[in-house]
Amino acid sequence: MQNIKGYLFLAKYKRSVKSLLAMLLMVSMIFSWLPQAQASVAPVIHIGDVSGKPGDIIEVPVSYDSKGLNYSFYHSELSFAYDPAVLELVDGDEVVNTQAYAIYQGISLTKDKSTADIIKIMMTTQQFIDESTTLYSLHFKIKESAAVGPSSVTMHTGALVEEVDPLQATGENGQVTVLVGEKPIGNAVVYVGSRQGKPGDKITLPVDTVSLDQPIGSYGVRLKFNPAVLKVMNVTGIRSGVQHNVNNETGSLIVGWSDENGGRSPVPASEEPQTLFKIEFTIASGAAAGEYPIQIVDETVPEHFTVTDVDAIEMNKQFVPGSITVVAAPVTPTTPTTPTNPGSSSSGTSSSGSATTSPSASTPEKITLNVTNERNVGAIVSATTIERTTGADGRKKDEVNLTAEQISRAIQSLKQASSNIARILIPDAKDEVSELNVKLPAKSTSLMADEKMNLYIETDNASLQLPASSLQGLGSDVFFHLVPIKDTAGREVVKQRIQNDPLLVQQLTNTADFHLLGRPMMIETNMSSRPVTVVLPITEPNLTPKELDKLQVFIEHSDGTKELVKGKIVKFNGTDQPGIEFEVTKFSTFSIVHINNSRSTSYIQGYTDGTFRPNQTVQRAEMAALLSRVLLPGSSGQIPVASYKDMPSANWASDAITKVSQAGLMNGNTNGFFSPGRSITRAEMAVIIDRVLKKETTGITETFGAIDASDITQHWAKEAVQHVLASGIMSVSEQGKFRPDDAVTRAEAVTMLNRLLNIEAAAESSPMWKDVPASHWAYGAIQAASQN
């Protein structure tokens, strides 16, 4: 009985299972007839990783990664967030989109910065983007105050449009890693005041620092004075810890100080004068009338003059001597004047070009000075006054103060004449003025900037052209201090200093190849980092065009760097006399030099501190200068400047940029920007080298197919990279990567250029740079590029 029941149960179970299977089969057949659902699309926007030091200009690439999906779009709206404490957008060139323009036609690209710390990019193309590619790059500058470490760049919102409805995109965050920047060498100017008194008087002379861009951790000076006239009674320090040792028999005084808190209580950085210590003198009762200098024993010897920062690193320093003038008759005490920022000039300037302000020994002479319309020098638009004083030493000094009222009057007249240039010619018919001070009150510069008026200040020794854009937003009084080095002894000091400088030594076969022309010119100002055009007169008569082409300007910057600038030959102050024109953003000592012969194959130099800085990235303007130097040396310097919108920021390289642009080696973007301050990438370098190779007839560019890199598959510069890899001029890493968007370093640049020029490595020579030992991977290339 039990067996029958079990059988019946089993049969019933089997029938139920068959019914269930039949039902499932029908369901599956029904669903097989329905339209299949699309797989979910998940496009990805990838933000690249970039590194750099504070102050560097970088590009953060933005790429589309299809992830192998069949999806295409013609319009994208992507917004990106960044940390404003670390990054700031490069104004006017916030987006670098040369990659997209190289691939897609008819691109329309707009940007929106209305939301703080977010930039929104809208890009539309005339053809669909349907594969992985680089879209564009975000153009940032790493702030000088940025903390070392990583900082994220994230996609805030993202939408891609295929037809009508936008599709939300996923973002893969990028990162900017802030590296430790090289600490710049500080600059300090120590200035000794000037006083006057009669025999028997007690005089207190301050010793100040001006134009101090880094805190001072210690200083020491060895001063000398005339012991027959002056006697040191005491030295008092503004800070505790000042030590001194005086010998009134020999006229020697040593003063020293160091921060007792180990760098935590330094002399702070400041552009305003700060007193370091004061010297109390007594004038001998029988002292003869005259000016008695208080000066350093030897400025170039550290034992006689040293200034260090809080890390005990010696700073670039300049010493401006002072004096005590003994007068026979009683005098009314005068308030000492601090020089108009003498620290802007180069260290080592001869005493003949000193910015020391001598006390007036005569009634000031007032001379009316016309402000004219540059288009018509006979058209007077305003007037001002020169106050000419004569010191006890017979030296004459001019002071010009352009008041807001005078500037306002000039602007109204210039507007009526449809002109935007005010010209001031400051005469010195007898060649008797030793220094000139021009003051522009803040209100005057503001008026000129607002009305877009340019100012030309012209003297017989130099001309300054101040564009309205450089006067914008100054907010304080501006001064210019001009000191021509007229005397033969002073010129000889400058000549010896220049011709022994490493920048010139390696270019000269012998010293006969070098000549100093005219008067070296010290020009000082507190208007730093603002472009100003300088024109120096060429006083050597009857120079041929070929000889004029050999003239250059040797610039000794206040930060210790040296520069040799080609300049442009123009008419000086609108006359038939030739002049050499160039643009600067920091003021220094300028000397016109004639180099008759060059035997050097060197095309790159290091820095005055003895370093080459091999890991420092190369800016596009710097690369243009290198390419012009090694590939286009015969090109004329008298060519028009390329019309890039951002050229004023790199006028020092304007000729080079024009040359390489005309030669087709480098170009700006379609928005009209050259981006001179941006680091050049390896991909851009590959394109340049490829263009050079294609100009040759070696046929080397025909065999590029065998070499590739894993990270250039979708890159805009793929073909050029393949060509250059095949040539052996550039290479891939051990991981097979080319790193196309990485910035080119100085070491990499010389290695590539040496290979391009077939310059052999100089591995056997003694190290030239203290940061490039013989063990450095690019030692031989750097040696060869920077020596004969």
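Of the possible polar contacts, one joining the E622 side chain to the Q619 backbone as a donor-acceptor pair under 3.5 Å is found. Using a distance-only test at 3.5 Å, with no hydrogens or angles considered, a donor-acceptor pair links the side chain of D56 to the main chain of K53. Not a single donor-acceptor pair under 3.5 Å links the side chain of D65 to the backbone N or O of S132. S151 contributes no side-chain N or O that, together with a main-chain N or O of V176, makes up a donor-acceptor pair within less than 3.5 Å. Side-chain atoms of E684 come within 3.5 Å of backbone N or O of T681 as a donor-acceptor pair. D771 places a side-chain N or O within donor-acceptor distance of the main-chain N or O of F612, the cut-off being under 3.5 Å. The closest donor-acceptor contact from the side chain of S628 to the backbone of A624 lies at 3.5 Å or more, if one exists at all. Judged by distance alone, the side chain of D711 and the main-chain N or O of K737 form no donor-acceptor pair under 3.5 Å. S727 places a side-chain N or O within donor-acceptor distance of the main-chain N or O of V724, the cut-off being under 3.5 Å.
Between Y603 and L626, some side-chain heavy-atom pair lies under the 4.5 Å cut-off. At least one side-chain heavy atom of F738 sits under 4.5 Å from a side-chain heavy atom of L725. The shortest side-chain heavy-atom distance between V534 and E583 does not fall under the 4.5 Å cut-off. Under the 4.5 Å side-chain criterion, counting only non-hydrogen atoms from C-beta, F554 is not in contact with V565. Taking 4.5 Å as the limit, every side-chain heavy atom of V772 sits out of range of all side-chain heavy atoms of T611. Annotation: side chain of V593 is not in contact with side chain of L551 (no heavy-atom distance under 4.5 Å). Residues P61 and Y136 have side chains not in contact (no heavy-atom distance under 4.5 Å, counting atoms from C-beta outward). Counting only heavy atoms from C-beta outward, the side chains of S675 and H139 approach each other to under 4.5 Å.
Rounding to the nearest 0.5 angstrom, the gap separating the NZ atom in K568 from the OG1 atom in T533 is 8.5 Å. Here CD1 of I592 is found 12.0 Å from NE2 of H594. Values are rounded to the nearest 0.5 Å. Note that CD of Q783 is 9.0 Å distant from CH2 of W769, once rounded to the nearest 0.5 Å. Taken to the nearest 0.5 Å, the CD1 atom of I580 stands 9.5 Å off from the CG atom of L517. Taken from CD1 in I680 to CG in L627, the straight-line distance is 7.0 Å, to the nearest 0.5 Å. Atom CD1 of I47 is separated from atom CG of L138 by 7.0 Å, given to the nearest 0.5 angstrom.
In plain terms, the two heavy atoms of K495 and L516 that are nearest each other are CB-CD2, 3.9 Å. Annotation for I782 and P614: closest pair CD1-CB, 4.1 Å, computed over non-hydrogen atoms. Residues G55 and E144 approach most closely at CA-OE2, 3.4 Å, considering heavy atoms. Across all their heavy atoms, V618 and M623 have their closest contact at CG1-N, 3.9 Å. Residues L665 and I688 come closest through the heavy atom pair O-CG1, 3.3 Å. Nearest approach of P54 to A146, heavy atoms of both residues: CG-O, 4.2 Å.
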Exercise for review: Apply side chain to side chain contact (heavy atoms under 4.5 Å, CB included) to the pair I555 and F582, showing each step before the final yes or no.
Suggested key: CA-CA 11 Å; I555 306 176; F582 53 98; 4.3 Å; yes

Point to revise | Test log, rule side chain to side chain contact (heavy atoms under 4.5 Å, CB included), inputs M730 and I689 | key: CA-CA 9 Å; M730 298 181 75; I689 295 173; 4.0 Å; yes

Practice item. Step by step, work out the salt bridge (charged side-chain N to carboxylate O under 4.0 Å, His left out) result for R739 and E748. Key: CA-CA 13 Å; R739 299 177 289 111; E748 289 175 325; 3.6 Å; yes

Exercise for review: Check the pair N187 / L212 against side chain to side chain contact (heavy atoms under 4.5 Å, CB included), numbers first and verdict last.
Suggested key: CA-CA 6 Å; N187 301 285; L212 182 61; over 6 Å; no

Practice item. Test Y219 against T308 for side chain to side chain contact (heavy atoms under 4.5 Å, CB included), laying out the working first. Key: CA-CA 6 Å; Y219 62 79; T308 71; over 6 Å; no

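Between F319 and F305, the angle of the ring planes goes over 60°, which puts this pair in the perpendicular group of the 30/60° scheme.
Residues D690 and H723 bring a donor and an acceptor atom of their side chains to less than 3.5 Å of each other. A donor-acceptor contact under 3.5 angstrom links the side chains of E314 and T306, judged on distance only. In summary, the side chains of H715 and D741 do present a donor paired with an acceptor at a separation below 3.5 Å, with no hydrogens or angles considered. The closest side-chain donor-acceptor pair between T617 and T745, if any, does not fall under 3.5 angstrom.
The one candidate from V50, L179, L87 that meets the side-chain contact (heavy atoms from CB on, under 4.5 Å) condition with I142 is L87. Only one option out of R682, K141, R620, R678 pairs with E59 in a salt bridge (Lys or Arg N to Asp or Glu O under 4.0 Å); it is R678.
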